[in-house]
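What you see below is based on every heavy atom in this structure, not just the backbone, and it leaves out hydrogens, waters and symmetry mates. All values reported here derive from a predicted model rather than from experimental measurement. Here is the naming used below: chain letters follow the sequence lines, and residue numbers restart at 1 for every chain.
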Amino acid sequence: MLSLSSLFEMDYVATAPADVSDGLLRYRSLLEGDSQFVRAMRAQGYQHVYAHPGAFDWLGCDPTLADVCIEPRTDSLRLSEVDRTIAEMTPLQLLTSQTLLPYTDPVYVADQARQARTDAPQLVVGHILSPHGPYRYTDSCALRETFVEAAALDADGRKAAYLQDVICTDALTLQAVRSIVLRDPDAVIVVLSDHGSNFEIEGPTQAAWTEAGIVERFGVLDAVRAPGCDLPEERGVLVNLLRRVQACLDGTEPDLLPDRAFTWWEENPLGLEELPDAAARLQHPQR
Amino acid sequence: MPDANPPSTTARRGPARLRQLRPTPVLVVLACATAPLAGFVYDNRYDLPDVAAVTPWWFATVAFGLVLLAGLTMATRRASVDALALVAGVVVASFYQFGRFSGAASPDVASLVRFAAIVGLVAFAVFRLATVPTARRFVGLLAVMLAVVPLFGYAAWRVSATAQAPPTARPSTAPTPTVDPAAADADVRLDGDGADADAADLASAGVAVAEDVAARPDVYVFVLDERARGDELAGRLGLDTSAFEAELTELGFSVAPVSFAE
């Protein structure tokens with residue numbers, strides 16, 4: 001959450017424990033559109049189209065921050081995250097495990113955005129939950145009958161399910177990108193991830209993280225299609241990515257922030273701590 | 001603490017037994033119904049958007065516990081109501097432990113039956129234990145503590161966090177969008193069934209679009225949550241995604257090989 005907040009805010013939103021002392025929910029509006037990047041784009045006349053992942057109570061679509069809200073697909077009873085989580089503590093999970101979480105994919109988001117098109121240029125932000133669990137795709141990339149929670153799998157099963165979802169989400173991303181490029185060769189397209197996987201053991205403090213776990217968790221997908229712009233291959237920290245895109249759109253030089261990274265743990269956000277020598281350790285890891 | 005509800009040698013089954021319900025057994029059931037949900041609230045304090053979302057579960061659990069206590073009380077003649085309250089408390093508190101019991105396994109009816117059998121045994125053991133007044137008081141006090149401690153913990157965190165919180169999440173220098181206030185009425189929601197969006201609503205309701213803006217390119221940002229970097233997928237997890245990256249490159253993308261999150 002902090003990673004995405006910083007991405008859209010184009011700045012480091014949390015650099016000290018005090019920044020997260022009252023929890024992380026204060027940053028949700030940054031994801032929903034009240035960020036430097038989205039505000040600047042809307043100020044330039046862009047229509048903000050936002051597709052939220054659908055799985056979290058704290059993250060939805062605020063109609064005051066988005067011109068168009070793309071609601072996720074749902075094929076069954078829609079439960080709130082709190083209701084679903086509590087139900088899974090009880091025997092009611094026999095019923096709730098048969099329902100699907102709302103879901104989106106890049107093809108769906110691109111199609112829905114196209115239907116909402118006006119004369120204004122579009123800024124389409126699609127937060128796709130996959131390949132994050134619960135895992136949703138079969139070997140043939142069809143939707144599973146019921147999504148599988150990571151906690152319901154052993155280590156090998158979780159890894160296999162995660163990788164299958166990577167394969168299928170990559171394929172759907174390519175399908176969406178191809179259709180966008182075919183229709184609109186000038187489109188700027190950013191495909192990224194907010195963080196990597198976490199099969200290495202992590203802990204509630206930075207000291208408990210292994211070096212391999214840090215690289216695995218912080219390494220991200222970063223692919224940008226910006227016709228007419230020359231982007232460096234080594235772009236470093238994600239917080240500068242949309243600064244580069246914005247500068248590209250404006251025809252200016254990007255004003256970049258220094259590379260920094262911070263470890264924190266969902267159950268212990270107050271353990272937030274800066275990662276020393278982040279760029280060296282994360283860009284050229286010792287294997 | 002004297003035994004408020006000693007077993008009666010002359011009592012009968014039925015509604016008349018409900019007169020033996022005193023505040024203490026009701027409090028025990030209340031505590032046992034509250035404890036697991038209080039723990040849930042405390043454990044999820046950093047990302048629970050609204051504590052009120054838990055209250056329907058709490059009301060339902062308390063109601064279930066009290067109905068169960070009333071039912072047990074009416075169905076028995078000699079059993080101490082305090083002991084029955086502990087039995088009802090064990091049942092309602094256990095209700096929220098099924099997830100731990102089933103663990104990684106996919107839940108099924110058989111696991112529910114096994115779980116019910118274990119809860120029954122525990123409830124019986126607690127019932128027997130409750131014949132000893134000291135043990136009964138200890139278990140009752142424990143239930144109250146399990147309910148109260150996380151609630152106090154949550155309240156203390158709330159007060160402390162509010163006092164320490166920075167004033168705003170976003171610098172106040174952020175630019176203001178040029179969307180007309182009337183545009184709030186024009187917001188379009190697309191539902192999951194793919195209903196057509198009335199895109200014209202936006203334009204007709206006054207979204208200000210500068211003339212030179214129309215020439216700007218569309219911008220798409222796709223966030224793939226938790227998608228690992230290519231070198232990590234290949235080196236650590238054994239998945240070669242180079243074909244994906246090559247196709248992106250063919251489509252005009254610049255794929256950064258070693259980017260990292262902040």
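Between A:Val124 and B:Asp218, the closest side-chain pair of non-hydrogen atoms is not below 4.5 Å. Contact annotation: the side chain of A:Leu174 approaches that of B:Phe244 to within less than 4.5 Å [non-hydrogen atoms, C-beta and beyond]. Using a 4.5 Å heavy-atom threshold, the side chains of A:Val188 and B:Tyr220 count as separate. Using a 4.5 Å heavy-atom cutoff, the side chains of A:Leu249 and B:Pro217 are in contact. By the 4.5 Å heavy-atom criterion applied to side chains, B:Leu37 and A:Ile86 are counted as neighbours. A:Val20 is not listed as a side-chain neighbour of B:Tyr46, based on a closest heavy-atom distance of 4.5 Å or more. Contact check for B:Phe98 versus A:Leu92: no side-chain heavy atoms found under the 4.5 Å cut-off. No side-chain heavy atom of A:Ile128 sits less than 4.5 Å from a side-chain heavy atom of B:Val223.
Top candidate by heavy-atom pairs under 4.5 Å with chain B, chosen from A:Ala278, A:Ser130, A:Gly236, is A:Gly236. Comparing A:Cys229, A:Ala87, A:Pro17 by how many heavy-atom pairs each has under 4.5 Å with chain B, the most go to A:Ala87. Among B:Thr249, B:Asn44, B:Val221, B:Val54, the residue with the largest count of heavy-atom pairs under 4.5 Å with chain A is B:Val221. The candidate with the highest count of non-hydrogen atom pairs below 4.5 Å against chain B, out of A:Val245, A:Val166, A:Thr104, is A:Val166. Contacts with chain B were tallied for A:Leu123, A:Asp186, A:Val148; A:Leu123 has the most, counting heavy-atom pairs under 4.5 Å. Note: A:Arg235 leads A:Met41, A:Lys159, A:Arg235, A:Glu81 in heavy-atom pairs under 4.5 Å with chain B. Per-residue counts of heavy-atom pairs under 4.5 Å with chain B were compared for A:Pro53, A:Ala212, A:Ala187; the largest is that of A:Ala212. For the set B:Phe101, B:Phe40, B:Trp57, the entry with the most heavy-atom pairs within less than 4.5 Å of chain A is B:Trp57.
With hydrogens and angles ignored, the 3.5 Å screen pairs no side-chain donor or acceptor of A:Asp222 with any backbone N or O of B:Ser259. Judged by distance alone, with hydrogens and angles left aside, the side-chain atoms of B:Glu262 form a donor-acceptor pair with the main-chain N or O of A:Val239 at under 3.5 Å.
Counting all heavy atoms, side chain and backbone alike, B:Pro36 lies closest to A:Met89 at O-CE, 4.5 Å. Across A:Gln93 and B:Ser102, no two heavy atoms sit closer than the pair NE2-OG, 3.3 Å. Heavy-atom minimum distance, B:Leu251 versus A:Val177: CD1-CG1, 3.7 Å. In plain terms, the two heavy atoms of B:Leu224 and A:Pro106 that are nearest each other are CD2-CG, 4.3 Å. A:Pro91 and B:Phe95 make their closest contact through CD-O, 3.3 Å (heavy atoms, listed as atom of the first residue, atom of the second, distance). Minimum interatomic distance between B:Phe253 and A:Arg225 (heavy atoms only, all atoms of both residues): CD2-N, 3.5 Å.
Both the backbone and the side chain of A:Phe218 come within contact range of chain B, with heavy atoms under 4.5 Å apart. Residue contact with chain B, scored on non-hydrogen atoms closer than 4.5 Å, involves the side chain of A:Thr173 exclusively. Within the 4.5 angstrom heavy-atom criterion, atoms from both the backbone and the side chain of A:Ala279 approach chain B. There is no contact between A:Asp165 and chain B, counting heavy-atom distances below 4.5 Å. Proximity to chain B (any heavy atom under 4.5 Å) is shown, for A:Val38, by neither the backbone nor the side chain. Only the side chain of B:Leu112 comes within contact range of chain A, judged by heavy atoms closer than 4.5 Å. Neither the backbone nor the side chain of A:Ala14 comes within contact range of chain B; no heavy atoms are under 4.5 Å apart. Residue contact with chain A, scored on non-hydrogen atoms closer than 4.5 Å, involves the backbone of B:Gln97 exclusively. Contact of B:Tyr96 with chain A is made through backbone and side chain together, with heavy-atom distances under 4.5 Å. At a 4.5 Å heavy-atom cutoff, the contact between A:Asp184 and chain B is made by side-chain atoms alone.
One finds the OG atom of B:Ser254 at 8.5 Å from the CG atom of A:Asp230 (value rounded to the nearest 0.5 Å). Going from atom CG of A:Leu192 over to atom CZ of B:Phe222 covers 11.0 Å, rounded to the nearest 0.5 Å.
Looking only at atom types and distance, the side chain of A:Ser197 has no donor-acceptor partner in the side chain of B:Glu226 under 3.5 Å away.
A salt bridge links A:Asp170 with B:Arg227: the closest approach of a Lys/Arg side-chain nitrogen to an acidic carboxylate oxygen falls below 4.0 angstrom. With salt bridges taken as basic N to acidic carboxylate O contacts below 4.0 Å, one links B:Glu247 and A:Arg178.
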Verdict with reasoning, B:Arg229 to A:Glu216, per salt bridge (charged side-chain N to carboxylate O under 4.0 Å, His left out): CA-CA 8 Å; B:Arg229 201 166 69 189; A:Glu216 182 196 5; over 6 Å; no
Stepwise side chain to side chain contact (heavy atoms under 4.5 Å, CB included) check, A:Val215 with B:Phe260: CA-CA 8 Å; A:Val215 179; B:Phe260 59 92; over 6 Å; no
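Remark: of the listed residues B:Leu239, B:Thr241, B:Leu233, B:Leu239 is the sole one forming a side chain to side chain contact (heavy atoms under 4.5 Å, CB included) with A:Ile167.
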